[in-house]
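Here's the structure we're looking at; comments come further down.
Below, each value reflects all heavy atoms present in this structure, side chains not excepted, and no hydrogens, waters or symmetry copies. The structure presented is a predicted model; accordingly, all values stated were derived computationally and were not measured. We number each residue from 1, following the sequence as shown.
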Amino acid sequence: MNDDMDLQGYFWIIAAMFFYKAIADAINQLILTLIVLSELLDLVGFFRTAAALQEFGGGSYSEEPERYSSISFPPKVSSLGLTYMGWNEMPIVFPFASLLRRLDLLYAFLDTLDHCLLIQKCPNLEVLETRTVIGDRGLEVLGRCCKRLRRLRIERGADEQGMDNEGGLVSHTGLIALAQGCPELEYLAVYISDITNASLEFIGKKSH
């Protein structure tokens, strides 16, 4: 029985490989969005073929972190949303971070310092979606490094209660720094722990 199950699993892996290869061949000249929940290592061949891919979301990680160093995203990817990405996997984004215009971190496992490290490598970022764990420090990095930012959405995650003492909450301090540094900001949706009317007025004047 175990041999049969192993054989079935083997054929499933082979079928999945051919499936992604077929998709890549079919869309090689197209610009599109791909959202998958597959193990990221299973997509290495797909990424090599899908040269026109611009948006990618999803992925999962079940192997040792060092194995993900072999992953290279298509050269035109400018929108990224890696689910369950943690600190160990974050370096796979660094080689093309400067090309990113949109970044979705709502389902990433990153803390405040991780956000700061990644954001400062994304100077061309225009759209960011994340959680309150970005903190005021993350917003200050956004204001300093991402001058083209137009849209920002910050939601509260279920795992972020009790983070007040860890710098993982957003207040008027971070939003003011953001407004001062991002002159093209036109959309802001934020779960915030502390705000004053004066701060709201200041942010409104600075934003489009």
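- Proximity of a side-chain donor or acceptor of D136 to a complementary backbone N or O of G174 within less than 3.5 Å is detected.
- Of the N and O atoms on the side chains of Y191 and R156, at least one donor lies less than 3.5 Å from an acceptor on the other residue.
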Could you tabulate the donor-acceptor pairs under 3.5 Å formed by side-chain atoms of residues 123-130, not counting sequence neighbours?
| from | atom 1 | to | atom 2 | distance (Å) |
| --- | --- | --- | --- | --- |
| N124 | OD1 | R148 | NH1 | 3.0 |
| N124 | ND2 | S98 | O | 2.7 |
| E126 | OE1 | R150 | NH2 | 3.4 |
| E129 | OE2 | R102 | NH2 | 2.3 |
| T130 | OG1 | H115 | NE2 | 2.7 |

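- Side-chain atoms of T83 come within 3.5 Å of backbone N or O of G59 as a donor-acceptor pair.
- The NZ atom of K147 sits 6.5 Å away from atom SG of C182, with the distance rounded to the nearest 0.5 Å.
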Quiz prompt | Worked check of side-chain contact (heavy atoms from CB on, under 4.5 Å) between L40 and E89 | solution = CA-CA 10 Å; L40 214 59; E89 296 83 26; over 6 Å; no
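- The residue from D114, L80, V93 that alone fulfils the side chain to side chain contact (heavy atoms under 4.5 Å, CB included) condition with M85 is V93.
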Contacts table for residues 67-75: side-chain donor-acceptor under 3.5 angstrom, sequence neighbours left out:
| from | atom 1 | to | atom 2 | distance (Å) |
| --- | --- | --- | --- | --- |
| R67 | NH1 | E63 | OE1 | 3.3 |
| Y68 | OH | E39 | OE1 | 3.2 |
| Y68 | OH | E39 | OE2 | 2.8 |
| Y68 | OH | S62 | N | 2.9 |
| Y68 | OH | E63 | N | 3.0 |
| S69 | OG | E66 | O | 2.8 |
| S70 | OG | R67 | O | 3.0 |

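- In this structure F94 satisfies the ring pair (Phe, Tyr, Trp, His ring centres under 6.0 Å) test with no other residue, sequence neighbours excluded.
- Residues Y84 and Y61 keep their aromatic ring centres 6.0 Å or farther apart.
- Summarising the geometry of P91 relative to P95, their closest heavy-atom pair is O-CD, 3.4 Å, with the distance given to 0.1 Å.
- Between L100 and S79 the shortest heavy-atom distance is CD2-N, 4.1 Å.
- Closest approach of T112 and V133 over heavy atoms only: OG1-O, 2.6 Å.
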